[in-house]
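See structure below.
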Amino acid sequence: MIFNNILTNWYSIHKRDLPWRETKNPYFIWLSEIILQQTQIKQGLPYYETFISKFPTVKDLAEAKESDVLKLWQGLGYYSRARNLHYSAKYISSILNGQFPKNYKELLKLKGVGDYTASAIASICYNESTAVVDGNVYRVLSRYFNIETPINSTKGIKEFKILAQQLLPKSNIGDYNQAIMEFGAMQCKPTNPNCKECPLQDGCKAFALNKISHLPSKLKKTKVSKKHFNFLVFLSNDGKTILEKRTKKGIWQNLYQFPLIESKKSLAINGIKRQLENTSLINIENYSVSLYNEKEIIHKLSHQHLHTKFWIVETESLSKNSIDTADIKTYPVPILIGNFIEQFNF
DNA sequence: AAATCGGGGGT
DNA sequence: ACCCCAGATTT
């Protein structure tokens, strides 16, 4: 049997029941694909349900405020996905008069939609003959064909895209694309793949050569840096605190946080006081500072580890940018801040 | 070509 | 500690 036939047959038997598999509405498919970028289905699923419920059409999403979109995205990470999603919804709704792009080339023009996502939407919704190449596809193809080109090199990206394109069936492109991804996720897994009962075992070169655990090959990534974050949790007598919007580029753009003192080394209370008294946020004569978490919280991101302390700063009154603590849960915040807010219970 | 952008889960 | 996840964008 042919490679694509085996996968499509396997898929018809083993595919999971997922909500975005019950529709070809490009808006829903788009939503699901953005949510699932670098995200496991288990983590993304509840977010998908929330988004289609709160924003049933692209127009509803376009009319929302960005901060409300980010609030619903809170905890999912890679927040540029949410900002670009909202930006593109406005683009579709206004510039395209609500008409969703109908082919790969036009889909690519959407912010946040790259080769993978454009191929996924075009094939699933419009049966266009474009191959998806995600982490699953890299794994299945590198093993089956014993390809050692690093999957995150320029050469590898081109090579695997061309191969995936050649392997496409003549019809039902969307089903085949989903089949090879599902196969990679459930059968040809990164560790402990089920090679003993695999419909592709016969032709799998990596299995024959006992190289399954060495493929796919990947270039090493840069090491993580270490930073020290000191968040100042202000508390005034009249129940206010301060949240600031992160407007600069970088992590957590357009999310909110407590005023932050970032440092190369761990700061003690005197260092905090020194910097605090240089601001105009408090009355120097009458305030108190205490450390909330004796043990640093080490928040691990893919490329940096944030050693975090929360400092409670009690003061009589706050004027600048202060918000009511009763409203604090309405702001989109990084999960690091969100966890603190849950625990602190204002 | 390499770095950046999150958070959760597995080994 | 290191890797992976229905990747895209910026540097």
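Keep in mind that this is a model prediction, so the values were computed, not measured. Below, read A as the first sequence line, B as the second, and so on, with proteins coming before strands; counting in each chain starts at 1.
Looking only at atom types and distance, the side chain of E128(A) has no donor-acceptor partner in the side chain of N103(A) under 3.5 Å away. In this structure, a donor-acceptor pair under 3.5 Å is present between the side chains of S119(A) and K161(A). For the residue pair N254(A) / E66(A), a side-chain donor-acceptor distance below 3.5 Å is found, with atom types taken as modelled. Side chains of K309(A) and S266(A): a donor-acceptor N/O pair is present below 3.5 angstrom, by distance only. Judged by distance alone, the side chains of H307(A) and E296(A) do bring a donor and an acceptor atom under 3.5 Å apart.
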Secondary structure of DNA chain B in dot-bracket form (Watson-Crick or G-U wobble, distances below 3.5 Å, | marking inter-strand pairs) = |||||.|||||

task = For each nucleotide in nucleotides 2-11 of chain C, reading 5' to 3', give B when a protein heavy atom comes within less than 4.0 Å of its base, S when such contact involves only the sugar-phosphate, and - otherwise.
result = --SBBBSS--

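In terms of the ring-ring contact (aromatic ring centres under 6.0 Å, His included) criterion, Y27(A) has no residue partners (sequence neighbours excluded). Legend: residues meeting side chain to side chain donor-acceptor pair (under 3.5 Å) with T117(A), ordered by chain and number and at least two apart, are Q37(A).
Among the heavy atoms of the strands lying under 4.0 Å from L76(A) is at least one base atom, whether or not backbone atoms are also near. No contact: Q74(A) has no heavy atom under 4.0 Å from any strand. Using a 4.0 Å heavy-atom distance criterion, G44(A) is classed as making no nucleic acid contact.
Residues L167(A) and I162(A) fall into different hydrophobic clusters, defined by Ile, Leu, Val, Met, Phe, Trp and Tyr side chains chained together at heavy-atom separations under 4.5 Å.
With DNA chain B read from its 5' end, the first of the two nearest nucleotides for K300(A) and T154(A) is the one closest to T154(A).
Nucleotides dA3(B) and dC3(C), compared at atom P, are 15 Å apart to the nearest Å. Nucleotides dA6(C) and dT11(B), compared at atom P, are 15 Å apart to the nearest Å. Using atom P as the reference point in both dT11(C) and dG6(B), the two lie 14 Å apart (nearest Å).
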Test log, rule side chain to side chain contact (heavy atoms under 4.5 Å, CB included), inputs L168(A) and N4(A) = CA-CA 7 Å; L168(A) 289 178; N4(A) 69 55; over 6 Å; no

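A side chain to side chain donor-acceptor pair (under 3.5 Å) with Y287(A) is found for one member of E277(A), K273(A), E316(A), E314(A) and no other, namely E277(A).
Nucleotides of DNA chain B with any atom under 4.0 Å from a heavy atom of chain A span, from 5' to 3', dA1(B) to dT11(B).
Residue pairs meeting the salt bridge (Lys or Arg N to Asp or Glu O under 4.0 Å) criterion with at least one partner in residues 35-62 of chain A, sequence neighbours excluded, are K59(A)-E63(A).
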